[in-house]
Amino acid sequence: MSINLSYKPLLKIILLLLLLCPSSLLVKANIILDTCKKTPNYSLCVSTLRSNPRSSTADVAGLGFILVGAVKAKSTAGLKSISELSRSNPGLKRQLSQCLEDYKIILSAFVPEAEQAIGGNPKFAEDGMNGIADVTAKCVKSLQGLQAPLPSTNKLVHDLSLVTVSIIRTML
């Protein structure tokens, strides 16, 4: 049995698919850009979302969830950095103890609250991200004058949490 396919209908289908696919990708790119315009740090928002392949198919709630994951990853790195710095420099242990506790709270309470709420009640996700912004601001104050890599990580966690809050607010 032989099937005779003409190349013209196949070519039309391929051209149609090529025309449709870029437009759907453009719509998703616009969702990222439009959503990030509503945040306090547009470039951080765009770069964080574009670095995650899931953002290309995400809706606004999905973008919020991706950002919560980024906050979690950076907070985990911050906790590790604080622990290592505290061990390697015992003279800083007292200054770092508050931040160490703050990051443990971020990872054990605020991030899980946001992760669970993003798909349900975004208000709780907003509360969790605002909590992170508050404790990282407190950590910055306790580390004033300290020359260490932590302040930049801490600022990134703080800024990412505020970007995430802005996106969550669009879902309320």
Side-chain angles (χ1 to χ4, degrees), residues 24-87 95-144 146 148-172:
S24 66
L25 293 175
L26 184 59
V27 168
K28 285 298 180 182
N30 285 341
I31 289 173
I32 292 171
L33 299 179
D34 290 343
T35 302
C36 288
K37 285 178 186 173
K38 300 171 188 167
T39 70
N41 192 328
Y42 176 80
S43 60
L44 178 61
C45 178
V46 171
S47 65
T48 302
L49 290 174
R50 285 193 173 158
S51 71
N52 188 310
R54 293 179 304 149
S55 68
S56 65
T57 58
D59 58 5
V60 175
L63 297 178
F65 196 74
I66 289 167
L67 285 168
V68 169
V71 169
K72 181 179 184 178
K74 297 301 180 187
S75 296
T76 301
L79 179 62
K80 183 179 177 187
S81 177
I82 294 167
S83 296
E84 289 172 359
L85 193 56
S86 184
R87 278 192 299 270
Q95 282 179 286
L96 293 170
S97 66
Q98 182 61 53
C99 289
L100 188 64
E101 291 307 310
D102 290 342
Y103 272 79
K104 287 178 181 177
I105 291 169
I106 287 171
L107 291 166
S108 67
F110 294 132
V111 168
E113 178 181 29
E115 288 174 329
Q116 290 174 357
I118 216 101
N121 186 345
K123 179 65 180 146
F124 293 119
E126 179 187 23
D127 293 345
M129 288 296 112
N130 276 324
I132 291 170
D134 291 344
V135 297
T136 53
K138 188 169 60 172
C139 183
V140 165
K141 285 182 184 176
S142 72
L143 297 177
Q144 284 179 340
L146 179 65
L150 180 62
S152 62
T153 302
N154 192 62
K155 180 171 176 17
L156 180 59
V157 171
H158 178 266
D159 293 351
L160 269 174
S161 67
L162 293 178
V163 165
T164 308
V165 166
S166 298
I167 289 178
I168 291 167
R169 284 184 181 149
T170 67
M171 296 185 291
L172 295 175

4.5 Å side-chain heavy-atom contact, Phe110 and Val71: no
Check Ile106 against Ser75 and note the closest heavy-atom contact, atom names and distance. CG2-OG, 3.4 Å
Roughly how far, to the nearest 0.5 Å, is the NZ atom of Lys80 from the CD1 atom of Ile82? 13.0 Å
Separation between CG of Asp159 and CG of Asn154, rounded to the nearest 0.5 Å: 9.5 Å
Indicate yes or no: at least one non-hydrogen side-chain atom of Asn52 is less than 4.5 angstrom from one of Leu67. no
Basic-acidic side-chain contact under 4.0 Å: Lys138, Asp134: no
Closest heavy-atom pair and its distance - Val163, Thr39: O-CG2, 3.8 Å
Looking at every non-hydrogen atom in both residues, tell me the closest pair between Arg54 and Ile66 and how far apart they are. NH2-CG1, 3.6 Å
Spatial distance of atom CZ (Arg169) from atom NZ (Lys123) [nearest 0.5 Å]: 7.5 Å
State, with a plain yes or no, whether a side-chain heavy atom of Leu100 is found less than 4.5 Å away from one of Ser86. no
Please name the pair of heavy atoms, one in Ala61 and one in Met171, separated by the smallest distance, quoted to 0.1 Å. CA-SD, 3.3 Å
As a quick check of understanding, evaluate side chain to side chain contact (heavy atoms under 4.5 Å, CB included) for Leu96 and Arg87, giving each step before the final call. CA-CA 10 Å; Leu96 293 170; Arg87 278 192 299 270; over 6 Å; no
If we only count heavy atoms from C-beta on, is the Ile167 to Lys38 side-chain gap below 4.5 Å? no
Quick check: do Ile168 and Ser166 have side-chain heavy atoms less than 4.5 Å from each other? no
Passing candidate, side chain to side chain contact (heavy atoms under 4.5 Å, CB included) with Leu63, options Thr164, Val68, Leu49: Leu49
Residue pair Val46 / Cys36: nearest heavy atoms and the distance that separates them: N-SG, 3.5 Å
What's the verdict on side chain to side chain contact (heavy atoms under 4.5 Å, CB included) for Ser81 and Leu79, showing C-alpha distance, side-chain angles and the deciding distance? CA-CA 5 Å; Ser81 177; Leu79 179 62; over 6 Å; no
Compare all side-chain heavy atoms of Cys139 with those of Tyr103 and state whether any distance is below 4.5 angstrom. yes
dist Ile132:CD1 -> Ile105:CD1 (nearest 0.5 Å) comes out at 11.5 Å
Check whether any side-chain N or O of Thr35 sits under 3.5 Å from a backbone N or O of Ile32 as a donor-acceptor pair, and report yes or no. no
Here the pair of heavy atoms bringing Thr48 nearest to Leu44 is OG1-O, 2.7 Å
